[in-house]
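On a predicted model such as this, the values are computed, not experimentally measured, just so you know.
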Amino acid sequence: MMQPVEVPLWGLVALAILAGFWLLDRALIPSVRWALRRRANRAIARLNQRLQVKIPPFKLARRRVLIEQILNDADVVDAVGAYARAEDIPPEVALAKARRYAREIVPSFSAYAYFGFGTRVSRWLSTLLYRVRLGATDDAALQAIPSDTSVVFMINHRSNMDYVLVTYMAAQSSALSYAVGEWAHIFGLKTLLRAMGAFFIRRNSRNALYRKVLSRYVAMATRGGVTQAVFPEGGLTRDGRLRAPKIGLLSYMVSDFDPSGGRDIVFVPVGINYDRVLEDRVLTEKNTQTRDGMPARFGFSPAAFLRYCASGLWRMINGRWYRNGYTCVSFGAPRSLKAWLAAREIDFRALDEEPRRVEMAALAEQIMEDIGAIVPVLPVALVASALQRVEPGGVTAFELKGRIFSLIAKLEAAGAHIHIPRKDLDYAIDVGLRMLTLRGLATVKDALIAPNPDEQDLLAYYASSIAHLVEGSTGAAGEN
């Protein structure tokens, strides 16, 4: 038994390599992983001390654990079986498809990617492009939100900059989880957004299995206390007005909500406005409607982007770089779902499908009214609104100022937040008019100010951003 055994050199090398892999897998890698995770946990604990809304354990859970949790959910199991029967395929194939959907949807949050990279880039980009201002905010109500509450920021959607701007403005409060559409399925960008906590959705998918997987993830995240940011309009406004809300994601959050449970859901309305929306010409083009009447998807144009960068650089060289004017973000009073349900004496779980949809539409409409009430009024919107009904011959600066004074009186009566830079109305009018004339939306000739007849659509786009405040309406809720 003690006789030596001859082993080929290649066999000995192979055994040594296998032994090395075994040692790494069983001893070294777990030790390194434990040390890194311990360090990360300490960093997150320090981070939670300064955040108003803490990062919940659900958001920090491993991605593969969340995927398995979704696939083992009773509703998803039933949906897999129903899909297999409907498509006449083996249950294993249907389960594999559900797993693929879950892997596509579920994020992989990294606190370092969000706070170490994402918030810094969002701050740099926001302040590079705009003069960023905080509008109306109910600090006392926001600080009074209980720590065991699921917070959902509900935001009007004017630009793709909304993601960047709100991330920057809410960086001291919490880590937000966004729902992003197909536009973000770009190599590199997709990985970054997923690391920042974003989850991916197919906005127009009618696949029952996919929608069930998505709905269960959103419900679990909400129940787990993940702070989410949602655009209830479902897409960018094409005419500048607030769009009718859609109830898809909202229904996933609240459909199985227990009013007697411990964790409440609180909706925080967020109103955004810009002196210039970067995509405004793309959004207002006449050819942005597809054959079926649906809005065309926003497309990124490298040529347009390069032209914009070159134009900005040239204005910087000539001392005429005013950024893109002002942008302002307002945070309204939170709305408790428990309180809203108690006031209406309803429980979503006890309602049939149609009454439930009606009540959810009412909730969505109420949230849109909350958002609309706090949309900031900026200089360009003021001047554009005053210029809309001006005759082609134009008006004097004095007449324009009188129109703006009258408009401000209506807005103040509606309780609107009006951002007057430097608290100087003359300066605000000059800033708004300068932005419009630089872009060719208005003309100044012989001391007369007039709208450019070739740019009526774009001028109306900016005036429409505050039209609901003047008119006192927002619109009806739409379907998902």
Side-chain angles (χ1 to χ4, degrees), residues 130 135 155-162 165 231-246 269-289 295-296 298 324-330 365 368-390 400 403-404 406-419 428-429 431-433 435-437 439-442 450-478:
Y130 295 97
I155 313 164
N156 65 308
H157 204 6
R158 288 191 61 78
S159 169
N160 284 303
M161 268 297 296
D162 296 345
L165 184 62
F231 299 102
E233 296 164 287
L236 293 169
T237 173
R238 300 277 171 165
D239 59 3
R241 288 179 173 269
L242 293 178
R243 298 175 63 183
K246 297 186 177 182
V270 181
I272 301 178
N273 210 348
Y274 300 86
D275 270 342
R276 179 181 180 181
V277 172
L278 300 179
E279 315 94 323
D280 54 6
R281 292 193 182 278
V282 175
L283 294 171
T284 56
E285 284 179 354
K286 296 296 186 182
N287 60 357
T288 55
Q289 300 294 320
F298 175 80
N324 292 292
Y326 288 89
T327 182
C328 190
V329 182
S330 292
E365 181 61 26
M368 281 306 301
E369 289 182 6
D370 294 343
I371 295 171
I374 60 169
V375 170
V377 180
L378 295 182
V380 165
L382 275 175
V383 179
S385 297
L387 282 175
Q388 266 202 301
R389 295 175 179 84
V390 169
L400 178 65
R403 289 170 178 254
I404 291 176
S406 176
L407 180 60
I408 288 176
K410 290 182 180 180
L411 292 168
E412 287 178 341
H417 173 79
I418 306 172
H419 177 66
I429 294 173
V431 167
L433 185 59
M435 179 66 71
L436 294 176
T437 54
R439 301 195 60 205
L441 276 64
N452 184 345
D454 296 329
E455 297 286 5
Q456 287 291 346
D457 288 342
L458 205 53
L459 194 69
Y461 173 83
Y462 285 101
S464 295
S465 67
I466 60 172
H468 65 281
L469 294 169
V470 179
E471 299 164 2
S473 64
T474 55

For Tyr326 and Val431: C-alpha separation, side-chain torsions, deciding distance, then whether side-chain contact (heavy atoms from CB on, under 4.5 Å) applies.
CA-CA 9 Å; Tyr326 288 89; Val431 167; 4.0 Å; yes
Determine, step by step, whether Arg281 and Glu455 satisfy the salt bridge (charged side-chain N to carboxylate O under 4.0 Å, His left out) criterion, reporting the C-alpha distance in whole Å, the side-chain angles of both residues, the deciding distance to 0.1 Å, and the verdict.
CA-CA 10 Å; Arg281 292 193 182 278; Glu455 297 286 5; 3.1 Å; yes
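Val380 places a side-chain heavy atom less than 4.5 Å from the side chain of Leu436. In this structure, the side chains of Asn452 and Leu459 stay at 4.5 Å or more apart for every pair of heavy atoms. Side-chain contact between Met368 and Arg243 is absent, with no heavy atoms from C-beta onward closer than 4.5 Å. Using a 4.5 Å heavy-atom cutoff, the side chains of Ser385 and Ile466 are in contact. You'll find the side chain of Met435 stays beyond 4.5 Å of the side chain of Leu378, heavy atoms only. At least one side-chain heavy atom of Ser465 sits under 4.5 Å from a side-chain heavy atom of Arg158. Here the side chains of Asn160 and Leu278 are not in contact, with every heavy-atom distance at 4.5 Å or above. Proximity of Phe231 to Ile371: side-chain heavy atoms (C-beta onward) are nowhere separated by under 4.5 Å.
The CD atom of Glu412 sits 12.5 Å away from the CG atom of Leu469 when rounded to the nearest 0.5 Å. Between atom CD of residue Gln456 and atom CG of residue Leu387 there is a gap of 9.5 Å, rounded to the nearest 0.5 Å. To the nearest 0.5 Å, atom CZ of residue Arg276 and atom OG1 of residue Thr327 are 13.5 Å apart. Ile418 CD1 to Leu407 CG: the interatomic distance, rounded to the nearest 0.5 Å, is 7.5 Å. Atoms CG and NE2, on Leu242 and His157 in that order, are 13.0 Å from each other to the nearest 0.5 Å. For the atom pair CG of Leu400 and CD1 of Ile404, the computed distance is 4.0 Å after rounding to the nearest 0.5 Å.
Residue Ile272 comes nearest to Ile155 through the heavy atom pair CD1-CG2, 3.4 Å, listed as atom of the first residue, atom of the second, then distance. Across all non-hydrogen atoms, the minimal contact from Gly372 to His468 is O-NE2, 2.8 Å. Annotation for Pro376 and Ser330: closest pair CG-OG, 3.6 Å, computed over non-hydrogen atoms. The nearest pair of heavy atoms linking Arg238 to Val282 is NH1-O, 4.5 Å.
Of the candidates Asp239, Leu441, Leu283, Tyr461 forms a side-chain contact (heavy atoms from CB on, under 4.5 Å) with just one, namely Leu283.
Residues forming a side chain to side chain donor-acceptor pair (under 3.5 Å) with Ser159 (at least two apart in sequence, or on another chain): Glu279. For His417, there are no ring pair (Phe, Tyr, Trp, His ring centres under 6.0 Å) partners two or more places apart in sequence or in a different chain. Applying the ring pair (Phe, Tyr, Trp, His ring centres under 6.0 Å) test to Tyr462 and every residue at least two apart in sequence or in another chain returns nothing.
Panel note: side chain Asn273, backbone Val377; no donor-acceptor pair is recorded below 3.5 Å. Asp275 places no side-chain N or O within donor-acceptor distance of the main-chain N or O of Asn324, the cut-off being under 3.5 Å.
Side-chain N/O atoms of Asp457 and Thr284 include no donor and acceptor closer than 3.5 Å.
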